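Everything numeric here is computed off the predicted structure, so don't read it as measured data. Letters A, B, ... are given to chains in the order of the sequence lines, protein chains preceding strands, and every chain is numbered from 1.
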Amino acid sequence: MKLVIAEKNIAAQKIAQLLADGKPKTDKVYNTQVYRFTVSGEDWVSMGLAGHILAPDFPDEILFDKKQGWYSVSDDGEVLPADVPDGLARPPYATKRKPFLANGINIKGWKVESLPYLTWAPIVKKPAEKEIIRVLKNLAKKADHVIIATDFDREGELIGSDALSCVREVAPDVPTSRARYSALIKGEVTAAFDNLVELDQDLADAGESRQYIDLIWGAVLTRYLTLARFGGFGNVRSAGRVQTPTLALVVERERERMAFVPEDYWQIRGMAAAKDAEFKIGHATARFTDKAAAETAFAHVEHATTGTVTSVAKRSRKQQPPTPFNTTSLQAAAAAEGISPARTMRIAESLYMSGFISYPRVDNTVYPRTLDLAGIVDGLASNSPALRPVCKKVLAGPMKPTRGKTETTDHPPIHPTGQGDPETLDGGQKKLYMLIARRFLATLMGPATIENTKLAIDVAGEPFTASGDVLVDAGFREAYPYGLKRDEQLPALAEGDTVDVRDIALEAKQTEPPARYSQGRLVQEMEKRGLGTKSTRASIIERLYTVKYLKNDPIEPSQLGMAIIDALHEFAPRITTPEMTAELDEDMTHVAEGQDTQDHVVEHSRALLAGLLDTLIEHKDDLGDAIADAVTADARVGACPKCGKDLVMKTSAKTRGSFIGCMGWPDCDVTYPVPSGVKVSPLEGEAAVCPECGAPRIKCQPFRQKAYEMCVNPKCPTNFEPDIVVGECRACAEAGRHGELVAHKSEKSGKRFIRCTNYDECGTSYPLPARGKLSATGEVCEHCGAPIVVVETARGPWRICVNMDCPGKEKKAAGGARGRGRGGAKKASGAKKTTAKRSAKK
DNA sequence: GCAAGGTC
């Protein structure tokens, strides 16, 4: 039996289909799919790995140990031997002593000092995909020939080499070879299997050098940053060859913004009206840099009421259809629609696995000739009623696909398969699927034509202009409306026509600093600078958010992120720039071409890092202080009204809940609750202090809603709301008592709720929305008898039944997607239960 | 509790 090992399941399946006499049979070994087939009567089996099946790591003896912490040594107290290059002494940091750990945490002194040892520590390869390895060994034992058919690139060669080392453990003598194909199509694959070669160990070694160097630098610098000032468990300060230069890009942009000196300019703008239509007009000098000139011009037009059209110019321009999606362009387009690159990849993976779209990790932007474009459009038309009309147009047209700049042959650009019913997808999946499907259709359509009209208007001797864009021929825009500007229609006017003019104003403006990166832009910038790969960029950005180096979108660095870059820029500059990646690529090329060896390249890199450590260790405390200060600055919400020290977001050790507390604790005991469900940030200047009580005022940003400002002190008069009687208590009436339902606001937590005046006896209480002005209606709900109240939000007044378990809400929940998981399926069973359930959730 | 690279 011949065993074919591919990098992933889809490749194993495709190879089987392309090589088999007839159709391959799907089989399972343990729980993994394999494909059995015959080639000229001979038995073959193909299996897919899951990328790398081994992961490099330090030996167990020197790894993290639950009892000992990060820096343990071997049992006999001896530091493990490492291959230290000639001329370099063996690390003198070996200790015979077992580390002493008080309460599991001892970060003082020797821990950072022991990092040079980690620099020279040996690296071993540990199984990362145990199931896959088990299947691989099972099949290898029965095989009389093993063919490595992983992707034709450096990582593919390494994955194949790792697979071979697993094979060798159970079948030391089985003949092995390598099939090299660069596209999963008949000609390529059959040619590769007709011309089998040997695995290129130099190329695999190059890949392994990359792994080792990434691990050593990442582990040493991450541990250094984390331990310089230990911020408690869960507060890792990471660093790495790709993430650190990426963070540096964001920090650099922020610094440019801070250094930016805005320039004043002035604009004269107003409104014009003619033929029952209104439109914007502006002075022909779009930006006056001279204030006096602007004021002179404005004085002429300030009281003008009419203007005269002096010219009408129409120009039409074409907008070309977009190119096919690869990973980066999909991530950028999805980011513009509010889906982060990391989430895009998670959703794309699920769409790919369920057969809706093609393989999502590609660089290619040119459809291969073998792709059945019309067949896909047909499939979309029959599965998606919303796309059917535009699909028909595409099928009727010439269907000439656009081409992007990058052409590779490994996978086609990301496209819908045309299979599957989009109605079965959830919200995020459907949104991304429609983006991919619409993009695909757009790449097969003609350009859009936009007609631009420019009016020149004389207002009291001053030249004004107006401009309008109208989409006259939708072209590809019929399928792909993303990022399309709304039409700005001007009335049909001719030279000499008179227009009414009003609201002409002189506006003082300032030039804007360079914009922050959006997540989509950052992915593109990383690609441009050679940072990361199509498969890793999204997760690296996400990582920078989880370690709290980045915040918000558009992306801002935190104070911590800036402190990290400053520190590394000073003491380990190599890791902060894309050059390390460039140099690593160069080293790897040398290893791959046999001009250098893996050991030499890795040892050279170890020596570079070791050379930095002396200074790093020397400045450990400076860096620790800088990090601590930055973390405090990030957590700051304002100044303490009692002692003037910083009020910061803190986490209670007991309850793990967060609160706002004074840095002066224990001398100062000022604390406030954190408003729930919102992101809190400090305000600046005068707005930062409450005029009523002196506590800080803060900015609260609810998810996808308008931000608001409030005083953090729930007892402050600005937060005071009188109790309102909202109705009579039904439970009490039924029990023959009298009880009134009253809306309160808790002084402690700031939460609002309704409670019966006889609460001790009847237990009735209802939660209330956190925001919005509340008023009673005196009405009761037709479904459950609970009171109806009105809450005024930014979107207008909103009538609600206060009972979360109201059967009336159940009907709505069944009809729409909203309101799921909130007492939906459960029958209304009394108000007391509602409160109990809600508090149990916390 | 660490990186980046594959992929699930």
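Among the atoms of the strands shown, none is found under 4.0 Å from any heavy atom of A:Ala55. Residue-level contact check: A:Ser535 touches the bases, meaning some heavy atom is under 4.0 Å from a base atom. Using a 4.0 Å heavy-atom criterion, one finds that A:Tyr212 contacts no nucleic acid atom at all. Contacts of A:Arg361 with the nucleic acid, taken as non-hydrogen atoms under 4.0 Å apart, include base atoms. Contacts of A:Asp151 with the nucleic acid, taken as non-hydrogen atoms under 4.0 Å apart, involve only primed sugar atoms and P, OP1 or OP2.
Considering only the side chain of A:Met353, B:dC8 comes nearest among B:dC8, B:dG5, B:dC2. The listed nucleotides are B:dA3, B:dG5, B:dG6; the one nearest the side chain of A:Ile159 is B:dG6. Of the candidate nucleotides B:dG1, B:dT7, B:dA3, B:dG1 has the atom nearest to the side chain of A:Val236. Of the listed nucleotides (B:dA4, B:dA3, B:dG6), B:dA4 has the atom at the smallest distance from the side chain of A:Ile540. In the set B:dG5, B:dC8, B:dA3, the nucleotide with an atom closest to the side chain of A:Glu349 is B:dC8. Closest contact between the side chain of A:Glu7 and the listed nucleotides B:dA4, B:dT7, B:dC2 involves B:dT7.
Taking the charged nitrogens against the carboxylate oxygens, A:Lys548 and A:Asp634 have no contact shorter than 4.0 Å, which rules out a salt bridge.
Within residues 47-54 of chain A, the residues approaching DNA chain B are A:Ala50, A:Gly51, A:His52, by heavy-atom distance under 4.0 Å. Listed by residue number, A:Gly532, A:Thr533 are the residues of residues 521-533 of chain A with a heavy-atom contact under 4.0 Å to DNA chain B.
Rounded to an integer number of Å, the gap from A:Glu129 CD to B:dT7 C1' is 7 Å. With rounding to whole Å, A:Ile575 atom CD1 is found 11 Å from B:dA4 atom C1'. Between the CD1 atom of A:Ile541 and the P atom of B:dA3 there is a distance of 16 Å, given to the nearest Å. Atom NZ of A:Lys8 is separated from atom P of B:dC8 by 8 Å (rounded to the nearest Å). Between the CG atom of A:Leu115 and the C1' atom of B:dC2 there is a distance of 11 Å, given to the nearest Å. When rounded to the nearest whole Å, the span between CD of A:Gln243 and P of B:dG5 equals 11 Å. Atom CG in A:Leu225 sits about 18 Å away from atom P in B:dG1, given to the nearest Å. Here B:dG1 presents its P atom at 17 Å from CG of A:Leu118, a figure rounded to the nearest Å.
Counted by atom type alone, A:Ser329 and A:Asn326 present one or more donor-acceptor pairs between their side chains at under 3.5 Å.
Shown are A:Ile565, A:Val251, A:Thr244, A:Leu560; of these, the side chain to side chain contact (heavy atoms under 4.5 Å, CB included) with A:Tyr549 is made only by A:Leu560.
OP1 and OP2 of B:dG1 both lie 4.0 Å or more from every side-chain N or O belonging to A:Arg237. A close approach under 4.0 Å does occur between a side-chain nitrogen or oxygen of A:Tyr359 and OP1 or OP2 of B:dT7. Between A:Arg543 and B:dA4 there is no side-chain N or O to OP1 or OP2 distance below 4.0 Å.
Not counting sequence neighbours, the partners of A:Asn9 by the side-chain hydrogen bond (donor to acceptor under 3.5 Å, both in side chains) test are A:Tyr35. Partners of A:Asp599 by side-chain hydrogen bond (donor to acceptor under 3.5 Å, both in side chains), not counting sequence neighbours: none found. Checked against ring pair (Phe, Tyr, Trp, His ring centres under 6.0 Å), A:Tyr212 has no partners two or more places apart in sequence or in another chain.
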Are A:Leu435 and A:Ile339 close enough, and set up right, to give a side-chain contact (heavy atoms from CB on, under 4.5 Å), and what steps lead you there?
-> CA-CA 11 Å; A:Leu435 174 65; A:Ile339 312 175; 5.9 Å; no

Report the C-alpha separation of A:Phe58 and A:Ile123 in whole Å, then their side-chain angles, then the decisive distance to 0.1 Å, and conclude whether the side-chain contact (heavy atoms from CB on, under 4.5 Å) test is met.
-> CA-CA 5 Å; A:Phe58 302 108; A:Ile123 291 177; 4.1 Å; yes

A:Gln331 and A:Gln524: CA distance, side-chain angles, deciding distance, side-chain contact (heavy atoms from CB on, under 4.5 Å) verdict = CA-CA 9 Å; A:Gln331 287 173 347; A:Gln524 291 171 310; over 6 Å; no

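Annotation: salt bridge (Lys or Arg N to Asp or Glu O under 4.0 Å) contacts involving residues 569-579 of chain A, sequence neighbours excluded, comprise A:Arg574-A:Glu583.
Between A:His619 and A:Phe571, the ring planes lie parallel to each other; the angle is under 30°, not in the 30° to 60° tilted range.
Contact annotation: side chain of A:Asp57 to base of B:dC2, donor-acceptor pair present below 3.5 Å.
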